[in-house]
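These notes are about the structure you will find just below.
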Amino acid sequence: MEKEKPIGVFDSGIGGLTVVKRLASVLPEENIVYFGDTARVPYGSKSNSTVIEYALQDARFLMSKNVKAIVVACNTVSSVALNELKKNFDVPIIGMIEPGSNTAINSTKNGRIGIIGTRATINNKAYSAEIKKTNPNLHVYEKACPLFVPLAEEGWVDHEATRLIAHEYLDELRREGIDTLVLGCTHYPILADVIQEAAGKDVQLIDSGVASAELVKQELDRFNLHTNRFAVGNQEFYVSDIPAKFKEIAELFLSKPVKHVTKIDLEELTA
Ligand code: DGL
């Protein structure tokens with residue numbers, strides 16, 4: 001039965017687990033199948049055509065697991081490939097840009113919003129386009145922060161180097177007088193404390209993963225796709241490569257033990 005199928009979530013790597021965590025707290029009874037393309041991460045420095053090609057393969061893999069909806073946890077994929085995914089797959093597809101933008105619009109008081117993300121996300125201006133579509137009078141300041149991804153992967157959440165880099169990236173946005181900052185990348189919620197400190201304590205941080213989990217709930221309502229189960233759902237994890245620190249980082253991201261992770265072959269993905 002359609003309702004009892006799992007929700008599929010994919011990301012370029014393991015950063016999307018931050019979105020799984022949000023999803024599991026909003027929809028605890030749903031089963032989740034997660035795919036992280038750890039063999040080909042990062043996507044944020046790749047061309048649009050490569051990101052689209054990978055995204056279609058990732059979604060096809062999730063469809064082979066019989067998912068009822070797909071959550072594109074990766075902001076880079078959401079900003080580059082969402083339309084292409086919607087054209088190719090006949091299940092609800094939820095990205096990060098629309099929910100993250102709407103939350104930022106509702107949060108800002110002074111109309112000055114900062115966006116941080118990978119180079120691809122920022123170069124594609126997906127967040128600013130979405131925000132301006134709703135309210136062209138808002139001021140949007142965007143900044144690529146590529147070093148935040150490896151810092152989060154290293155677990156350097158409370159490290160002097162991370163603080164220095166955060167200031168280097170964010171001082172400029174702070175000078176623009178933003179009162180709201182969208183964490184437009186899967187990994188950035190991990191560094192939220194350091195980002196908050198550098199952005200200024202009065203700046204409201206927006207976690208796109210939180211906003212998207214709410215949107216997933218609304219989409220399940222809209223298509224009548226909520227499971228009838230009451231028990232806590234299962235989570236299955238698939239990756240295209242198992243990095244040495246996978247378990248450690250996944251546990252940091254999810255704040256819970258992760259037992260089973262299945263590695264799939266890239267040939268299976270690209271066939
Ligand atoms: N998942 C990516 C994002 O949210 C960050 C890592 C990458 O560059 O692939 O944009």
Side-chain angles (χ1 to χ4, degrees), residues 2-12 15-36 43 55 58-59 62-63 67-108 113 115-118 121 124-135 138 140 180-189 192 204-227 233 235 253-254:
E2 207 63 18
K3 289 177 169 201
E4 303 313 325
K5 291 178 173 179
I7 297 172
V9 180
F10 80 89
D11 179 44
S12 54
L17 293 174
T18 57
V19 178
V20 170
K21 188 176 170 181
R22 312 296 183 219
L23 211 51
S25 78
V26 174
L27 295 163
E29 62 294 330
E30 296 291 344
N31 290 335
I32 295 175
V33 176
Y34 180 84
F35 174 63
Y43 285 8
D58 300 345
L62 287 179
M63 291 303 285
V67 297
K68 61 184 173 188
I70 293 179
V71 181
V72 183
C74 182
N75 285 258
T76 301
V77 173
S78 299
S79 57
V80 174
L82 201 68
N83 287 340
E84 208 59 41
L85 289 167
K86 285 184 173 171
K87 268 191 251 160
N88 279 275
F89 301 100
D90 196 18
V91 292
I93 298 192
I94 298 99
M96 299 290 121
I97 311 298
E98 190 195 325
S101 301
N102 288 337
T103 312
I105 293 168
N106 292 332
S107 146
T108 186
I113 299 171
I115 310 288
I116 52 176
T118 63
T121 298
N124 280 287
K125 297 194 174 304
Y127 274 104
S128 54
E130 186 68 33
I131 290 171
K132 296 256 180 197
K133 199 171 80 187
T134 307
N135 185 346
L138 294 174
V140 183
T180 300
L181 179 63
V182 178
L183 305 179
C185 174
T186 45
H187 290 59
Y188 297 178
Q204 182 68 41
L205 299 189
I206 307 295
D207 179 341
S208 294
V210 172
S212 74
E214 286 300 332
L215 183 59
V216 174
K217 189 163 180 257
Q218 287 166 25
E219 289 293 278
L220 296 190
D221 284 341
R222 189 154 79 99
F223 294 101
N224 194 20
L225 281 175
H226 281 288
T227 174
Q235 297 176 355
F253 275 33
L254 281 177

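- Nearest heavy-atom pair across S79 and A126 is CB-CB, 3.2 Å.
- Note that CG of N224 is 4.5 Å distant from NZ of K3, once rounded to the nearest 0.5 Å.
- Note that CG of N31 is 9.0 Å distant from CD1 of I7, once rounded to the nearest 0.5 Å.
- Side-chain atoms of L254 and V20, non-hydrogen and from C-beta on, do get closer than 4.5 Å to each other.
- By the 4.0 Å N-to-carboxylate-O rule, K217 lies too far from E214 to be salt-bridged with it.
- Atoms CD1 and CD1, from I131 and I97 in turn, are 9.5 Å apart once rounded to the nearest 0.5 Å.
- Every residue two or more places apart in sequence or in another chain was checked for a ring pair (Phe, Tyr, Trp, His ring centres under 6.0 Å) with F10, and none qualifies.
- In this structure, F89 and A59 approach most closely via the heavy-atom pair CE1-CB, 3.5 Å.
- Evaluation of the side-chain hydrogen bond (donor to acceptor under 3.5 Å, both in side chains) test over residues 88-104, restricted to residues two or more places apart or in two chains, returns none.
- Counted within 6.0 Å of CG on N83, heavy atoms from surrounding residues, nucleotides or ligands total 12 or fewer; the atom is thus considered open.
- We find the NZ-CG distance between K68 and L220 to be 5.5 Å, quoted to the nearest 0.5 Å.
- Counting only heavy atoms from C-beta outward, the side chains of E219 and V216 never approach each other to under 4.5 Å.
- With sequence neighbours excluded, the residues that form a side-chain contact (heavy atoms from CB on, under 4.5 Å) with E29 are L27, T227.
- Evaluation of the side-chain contact (heavy atoms from CB on, under 4.5 Å) rule for K125 yields S128, E142 as partners, not counting sequence neighbours.
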Checklist entry - Does the side-chain contact (heavy atoms from CB on, under 4.5 Å) test come out yes or no for L138 and K132, once each step is laid out? => result CA-CA 7 Å; L138 294 174; K132 296 256 180 197; 5.7 Å; no
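- Atoms CG and CZ, from D58 and F35 in turn, are 5.0 Å apart once rounded to the nearest 0.5 Å.
- Applying the side-chain hydrogen bond (donor to acceptor under 3.5 Å, both in side chains) rule to T134 yields no partners; only residues at least two apart in sequence or on another chain are considered.
- Across all non-hydrogen atoms, the minimal contact from C185 to T118 is SG-CG2, 4.1 Å.
- Evaluation of the side-chain hydrogen bond (donor to acceptor under 3.5 Å, both in side chains) test over residues 204-213, restricted to residues two or more places apart or in two chains, returns R22-D207, Y127-S208.
- When the salt bridge (Lys or Arg N to Asp or Glu O under 4.0 Å) test is applied to K21, no partner is found at least two apart in sequence or on another chain.
- Scanning for ring pair (Phe, Tyr, Trp, His ring centres under 6.0 Å) contacts around Y34 gives an empty result, with sequence neighbours left out.
- For the pair A73 and T186, the tightest heavy-atom approach, listed with the atom from each and the gap, is O-CG2, 3.1 Å.
- Here D11 pairs with nothing under the side-chain hydrogen bond (donor to acceptor under 3.5 Å, both in side chains) rule; sequence neighbours left out.
- Looking at every heavy atom in both residues, G15 comes nearest to F253 through CA-CE2, 3.1 Å.
- Judged as a side-chain contact (heavy atoms from CB on, under 4.5 Å), and not counting sequence neighbours, the contacts of L82 are V72, K86, I93.
- The heavy-atom pair separating V91 from V67 by the smallest distance is CG1-O, 3.9 Å.
- A distance of 8.0 Å separates CD in E30 from CD in E4, rounded to the nearest 0.5 Å.
- Every residue two or more places apart in sequence or in another chain that forms a side-chain contact (heavy atoms from CB on, under 4.5 Å) with A104 is listed here: I113, T180, V182, I206.
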